[in-house]
**Q** 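Here's a structure for you.
Chain identifiers are assigned alphabetically (A, B, ...) following the order of the sequence lines, protein sequences preceding nucleic acid strands; residue numbering begins at 1 within each chain. Both backbone and side-chain heavy atoms feed into the values below; hydrogens, waters and symmetry mates do not. The model shown is predicted, which means the values in this text are computed figures rather than measured ones.
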2 protein chains.
Amino acid sequence: MARSASLKAVAAEAGVSISTVSRAFTRPELIGHDTREQILAIADRLGYHPNRTARSLATGRTALLAVLLPDIANPFFPPLVRAVEDTAYDRGYSVLLMDTDEHLDREAKLLRSLSGQADGVIVCSPRSRTEALRSAAERTPIVLVNRTIEGIASVSCGTRDGVRQLVDHLHSLGHRDIVYLAGPSSSWSDRERRDSARRQAKKLSMRFQVLGHYPATFEGGVMAADAVAASGATAAIAFDDVMAMGVLRRLTERGFAVPGQVSVSGCDDIFFAAMTSPPLTSIATPIAEAGRTAVNLLIDELTGASREKRQVTLSGNLVVRGSTGPTPAERG
Amino acid sequence: MARSASLKAVAAEAGVSISTVSRAFTRPELIGHDTREQILAIADRLGYHPNRTARSLATGRTALLAVLLPDIANPFFPPLVRAVEDTAYDRGYSVLLMDTDEHLDREAKLLRSLSGQADGVIVCSPRSRTEALRSAAERTPIVLVNRTIEGIASVSCGTRDGVRQLVDHLHSLGHRDIVYLAGPSSSWSDRERRDSARRQAKKLSMRFQVLGHYPATFEGGVMAADAVAASGATAAIAFDDVMAMGVLRRLTERGFAVPGQVSVSGCDDIFFAAMTSPPLTSIATPIAEAGRTAVNLLIDELTGASREKRQVTLSGNLVVRGSTGPTPAERG
DNA sequence: ACCGCTCGTGCGAGCGCTTGCATAGACTTG
DNA sequence: CAAGTCTATGCAAGCGCTCGCACGAGCGGT
């Protein structure tokens, strides 16, 4: 592959110095109008594109943002990445994707070696050690997603409100005995959801149990379903949608009517939540907005537009679909 | 953010020239054993990490692979990207994600500006113009996924075999009247699936109709479902799983038993296919393997390990689940 | 003792771009 | 009209690294 035209080539062709050509692109206001026009025309004719690498070396900025996440195949992430990519593109950055494959050591390594590679990092890592993140943050600007650490910028999708709405919703349907199906024990989100559900249930004098922890997978949900059936509760709140889908499946399989006998709900409102049968009641996490916010926070910090380490919390809302309904008693 | 230690710093500390330090990392065999040990120790102590940008500028290679795709949020892509990322990582490359947002112009622009930015590109772009790709391929090594163009390397997930298996499967269940629900008219995969289904149906003397085109979305499937119901066929093959899920939903909603009255099947075997009710019979596209292969093809070309432009076709297999079953007559 | 080797190391010229500083001309201004 | 302002351009020093080449030391063979 032949290297493409360089500044030098364009300069030679235009009969000006390379600085002038360089400025024609990066500081147009410093250049005479005619000169600029001519240079642009020639550059275009020669198919010139600035060499990003060289520019990076000279400026010390790569125009790259890294996104660090455990597994892009987890359905929660693609919408996030999508929003990040879009926003980054609009602001002149490209996105470096780093899948840690759930390996903490690989993550730590990436985080360390990343210093020169990207201007900043968006870290979605529910698991990794606080200390590792803190020390990485000293070398590279970081924005955390769905996790907060003192002194590091972050944007989180709070589900406190959404869960409260959900419990209210169940209560209004006549439910008085509900269970929460806990996800991974190390997850911050899980704790938040559990606590919020418990609090609201207590406030409404509902019977409330926690089952689990279960893995946040379809199989985890399948396992949890049996416990739900045994619990006698009339409604189950699963840690997330994928788990809820497992619950749905297993309950249906065992002959339980959903929502006729048991109401089921999830959290995150992933793409497929609307596609289950019955469609899943869930809590819509504003994940795309989180992505956008994360990028903006990061770039603002990078460009010095804002020095403060902001911690943003977005909140999700209940999305009622067919998997929650009146209790058997209520529909009597 | 302070710049991290440079070669120069390490060299000074070790009392050797920077070339020696450089070689200690990149050409260890050229360096005296003791010198090297000492250098590595010092580098480690100083927290030295080679500056990728500078290295790129000097070598002309970025160690970056770009992945160009229409929309990462499309559930077909994440497993692909995952595999690409993994394989690339193992071979020392990072992945640049470029979401074209289905905009052809943006895609063309990215493709053009990408020359210096990445060493090679993996293009998943069912839509973009052949000419645009061909001309991009002249400047940057490219591997196409699920698309073939003469003279450009590619890896495709053929569904010909899988579709044939599917039709056989339906035939063996007693179906004699089936429909194919066509996806986007410009899609190469659609044509392949349609043709393969038609051919095999004809061979088995089944009645065969094509309905559509429909958008390859859940809503598209919902629309298609009504046509399926009206068609009188006993089995429907949807262009892809997402569409099949729409069909499933709408049929169930209208009181059709699946697979009791109508069998439904999809294609791609996305993550969620196993989670519908009934779980969806589908054709497993070896998408992860495609990702791996694409990366290997690309890197081999980059490193000169292989000069030829290979066109690999992988083939998918039928995955039978609950959404297909005997015809009413058969089970009668 | 000399030659020619190999081996480990240093030198220095880039890679393509940005940017602070210098400069030349054109244009004010008292 | 000399002195002072601008404005548009050029010069050249990097940015941190790689790599071809040169070099000196140590070695065995003659």
**Q** Can you build the contact string for nucleotides 18-23 of chain C? Use B for base contact, S for sugar-phosphate-only contact, and - for no protein heavy atom under 4.0 Å.
**A** BBB---

**Q** Whether the A/T53 and A/S56 side chains hold a donor-acceptor pair (N or O, under 3.5 Å, no angle test) is what I'd like checked.
**A** no

**Q** Let me know the distance between CG of B/D34 and P of C/dG8, rounded to the nearest Å.
**A** 11 Å

**Q** For B/R310, does the CZ atom sit with more than 12 other heavy atoms under 6.0 Å from it, leaving out its own atoms?
**A** no

**Q** Answer yes or no: are there more than 12 heavy-atom neighbours, outside A/E131 itself, under 6.0 Å from its atom CD?
**A** yes

**Q** Which pairs pass ring pair (Phe, Tyr, Trp, His ring centres under 6.0 Å) with one or both residues in residues 45-78 of chain B, sequence neighbours excluded?
**A** B/F25-B/Y48

**Q** Using a cut-off of less than 4.0 Å, is there contact between a side-chain N or O of B/T53 and OP1 or OP2 of D/dC17?
**A** no

**Q** Between A/L57 (CG) and C/dG14 (P), how many Å, whole number?
**A** 17 Å

**Q** Report the distance from atom CD1 of B/I31 to atom C1' of D/dT18, rounded to the nearest whole Å.
**A** 13 Å

**Q** Does B/D90 pair with B/R292 as a salt bridge, N-O distance under 4.0 Å?
**A** no

**Q** Tell me: CZ of A/F25 to P of C/dC17, nearest whole Å?
**A** 9 Å

**Q** Can you tell me how far C1' of D/dT9 sits from CD of A/E29, to the nearest Å?
**A** 14 Å

**Q** Tell me whether A/E85 is salt-bridged to A/R82, with the criterion being a basic N under 4.0 Å from an acidic carboxylate O.
**A** no

**Q** Taking NZ from A/K8 and P from D/dC11, how many angstroms apart are they, rounded to a whole number?
**A** 14 Å

**Q** Do B/D99 and A/V81 make a side-chain contact, defined as non-hydrogen atoms from C-beta onward lying under 4.5 Å apart?
**A** no

**Q** Using side-chain heavy atoms (C-beta onward) and a distance below 4.5 Å, is A/S125 in contact with A/L68?
**A** no

**Q** Rounded to whole Å, how long is the line connecting atom CG of A/L30 with atom P of D/dT7?
**A** 10 Å

**Q** How long is the line joining CD of A/Q117 and C1' of D/dG16, in whole Å?
**A** 15 Å

**Q** Please confirm whether the shortest side-chain N or O distance from A/S6 to OP1 or OP2 of C/dG16 is below 4.0 Å.
**A** no

**Q** What string of B, S and - do you get for nucleotides 22-28 of chain D, 5' to 3', when a contact is any protein heavy atom under 4.0 Å?
**A** -------

**Q** May I ask you to decide whether A/K109 forms a salt bridge with A/E107, counting only side-chain N to carboxylate O separations under 4.0 Å?
**A** no

